[in-house]
Number of protein chains: 2
Amino acid sequence: MKKTESDILKAAEELFLEKGYEATSTTDIAKVAGCNQALVHYYFRTKEKLFTKIFTEKFKIILGSLKLEKDFDFRASLNHFIDTYFEMLTHNRKIPFFLINELIMREDRRPIIRAAISQEMSYLQYYTEWDKMIKDEISKGNIRQIETMDLTLNVLSLIIFTFISLPLYSDFFEKDENEISHYLQHRKEEVKKLVFQGIGLE
Amino acid sequence: MKKTESDILKAAEELFLEKGYEATSTTDIAKVAGCNQALVHYYFRTKEKLFTKIFTEKFKIILGSLKLEKDFDFRASLNHFIDTYFEMLTHNRKIPFFLINELIMREDRRPIIRAAISQEMSYLQYYTEWDKMIKDEISKGNIRQIETMDLTLNVLSLIIFTFISLPLYSDFFEKDENEISHYLQHRKEEVKKLVFQGIGLE
DNA sequence: ATTATCTATAGATCTATAGATAATGC
DNA sequence: ATTATCTATAGATCTATAGATAATGC
């Protein structure tokens with residue numbers, strides 16, 4: 001890939017994640033990339049096509065991290081999931097808000113993620129195994145009665161909201177980068193405590 | 001207030017909450033309000049002023065519902081908080097995403113909420129009482145060791161994320177209004193279970 | 001020759017205002 | 001008289017493309 005092309009991609013990524021689709025112009029992108037505005041269209045034809053490229057790429061980063069370690073027992077498996085999800089988002093802090101924002105604002109983008117999910121058929125299988133594991137733990141009396149969807153939503157809520165609210169948290173309480181990274185570690189441990197104890201694990 | 005003026009306000013509210021500031025034009029607002037585009041500026045001068053009016057109004061709705069029932073014991077108090085917060089958001093489903101979205105996208109709006117909070121000095125006091133209650137419960141051994149900020153974030157994450165993700169949930173799983181309202185009730189109960197059990201209450 | 005880059009511009013917005021006209025209140 | 005509403009338009013975008021020029025590869 002030509003340097004200019006990758007510069008444009010990088011600039012677009014930075015701006016779309018920072019300001020969203022609407023507030024980003026191809027003129028802005030060219031300025032950040034250090035090239036002519038016409039070149040943005042030369043390489044990617046339309047703003048929408050350029051956006052979709054970045055959008056699907058970011059979604060796949062998220063999707064790719066949603067894996068289940070089936071060699072572990074349930075507790076280790078859940079623990080590992082929270083660790084890896086937190087870790088991945090720590091290095092991609094803006095992605096959760098970016099994806100949710102664009103999916104809520106523009107309904108026509110929702111088919112993109114449906115397609116990406118069904119393309120990777122393994123995820124349906126992951127969920128089935130996850131569901132089986134949970135039902136198993138309940139029947140063994142290791143955790144309380146809970147629906148798989150509820151446990152999933154509990155974990156996702158606690159993790160994703162942490163990252164969505166992060167810019168507001170760090171701004172409001174005037175935290176620097178070092179404090180933020182301690183905060184994220186701290187929240188991760190608290191999320192584990194709440195979830196483990198909250199379903200009766202331990 | 002003149003009918004036209006309130007029509008414009010209503011139209012602006014609908015559009016800003018649905019599509020956000022950037023994607024809403026004063027021409028759109030006029031169209032929905034059924035009046036001339038110039039009238040939007042006649043009554044509110046600028047798009048920004050009109051937006052700020054709605055933004056602060058919506059924020060105050062949220063802030064106003066964050067009250068603490070100090071006559072109750074801790075458990076009843078937390079239970080009551082989750083009930084009222086869920087209830088309020090059920091009738092204002094789009095507000096959480098709207099506020100977070102505009103606060104993240106435009107840093108210059110953050111002072112608006114700082115001002116609104118410090119104007120209502122009572123909220124500092126609420127938090128102090130809340131903090132005292134929690135420390136008290138911990139020292140009595142009624143709940144596990146937890147920082148007030150963590151418990152607050154746990155509860156807010158679980159509730160707010162429910163509403164932020166709601167349009168995606170209902171779209172993805174093709175739920176109708178009736179199912180959605182059952183879902184919200186169901187999530188509320190699950191949030192209570194997780195939080196109560198997760199801090200060792202019961 | 002082909003590909004990359006630039007200049008220039010068409011055509012479609014969008015915000016905000018000036019100035020004309022209509023409606024309302026005393 | 002005052003207030004509300006409309007028409008028209010200035011000036012600032014913004015996307016996308018056409019066509020000229022420069023750089024690169026065989």
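Every value quoted in this text rests on a predicted model; they were computed, and no experiment measured them. Chain A is the first sequence line, chain B the second, and so forth, proteins listed ahead of strands; every chain is numbered from 1.
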Which residues satisfy the side-chain hydrogen bond (donor to acceptor under 3.5 Å, both in side chains) test with [X], sequence neighbours excluded?
X	value
His182(B)	none
Lys192(B)	Asn79(B), Asp83(B)
Lys135(B)	Asp131(B)
Asp28(B)	Ser25(B)

On DNA chain D, reading 5' to 3', which nucleotide is the first and which the last to sit with an atom under 4.0 Å from a heavy atom of chain B, could you check? dT3(D) to dT7(D)
Given the options Thr84(B), Ile82(B), Leu89(B), Phe86(B) meets side-chain contact (heavy atoms from CB on, under 4.5 Å) only with Ile82(B)
Should the pair Phe51(A) and Phe16(A) be assigned to parallel (<30°), tilted (30 to 60°) or perpendicular (>60°) ring geometry? perpendicular
Give me the residues of residues 10-23 of chain B where at least one heavy atom lies under 4.0 Å from an atom of DNA chain D, by number, or none. none
Close residues, residues 26-42 of chain A, relative to DNA chain C [heavy-atom separation under 4.0 Å]: Asn36(A), Ala38(A), Leu39(A), Tyr42(A)
Side chain to side chain donor-acceptor pair (under 3.5 Å): which pairs involve [range], sequence neighbours left out?
range	answer
residues 101-117 of chain B	Asp171(A)-Arg110(B), Glu48(B)-Arg106(B), Glu102(B)-Arg109(B), Arg106(B)-Asp108(B)
residues 50-60 of chain B	Glu13(B)-Lys58(B)
residues 32-43 of chain A	Thr26(A)-Gln37(A)

Contact between Phe161(B) and Ile100(A) at the side-chain level, heavy atoms closer than 4.5 Å - yes or no? yes
Partners of Glu177(B) by salt bridge (Lys or Arg N to Asp or Glu O under 4.0 Å), sequence neighbours excluded? Arg93(B)
Bracket notation of DNA chain D in which parentheses pair within the strand, [ ] cross earlier pairs, and | pairs with another strand (Watson-Crick or G-U, under 3.5 Å): ||||||||||||||||||||||||..
Do side-chain atoms of Asp73(A) reach the backbone of Ala76(A) as a donor and acceptor pair under 3.5 angstrom? yes
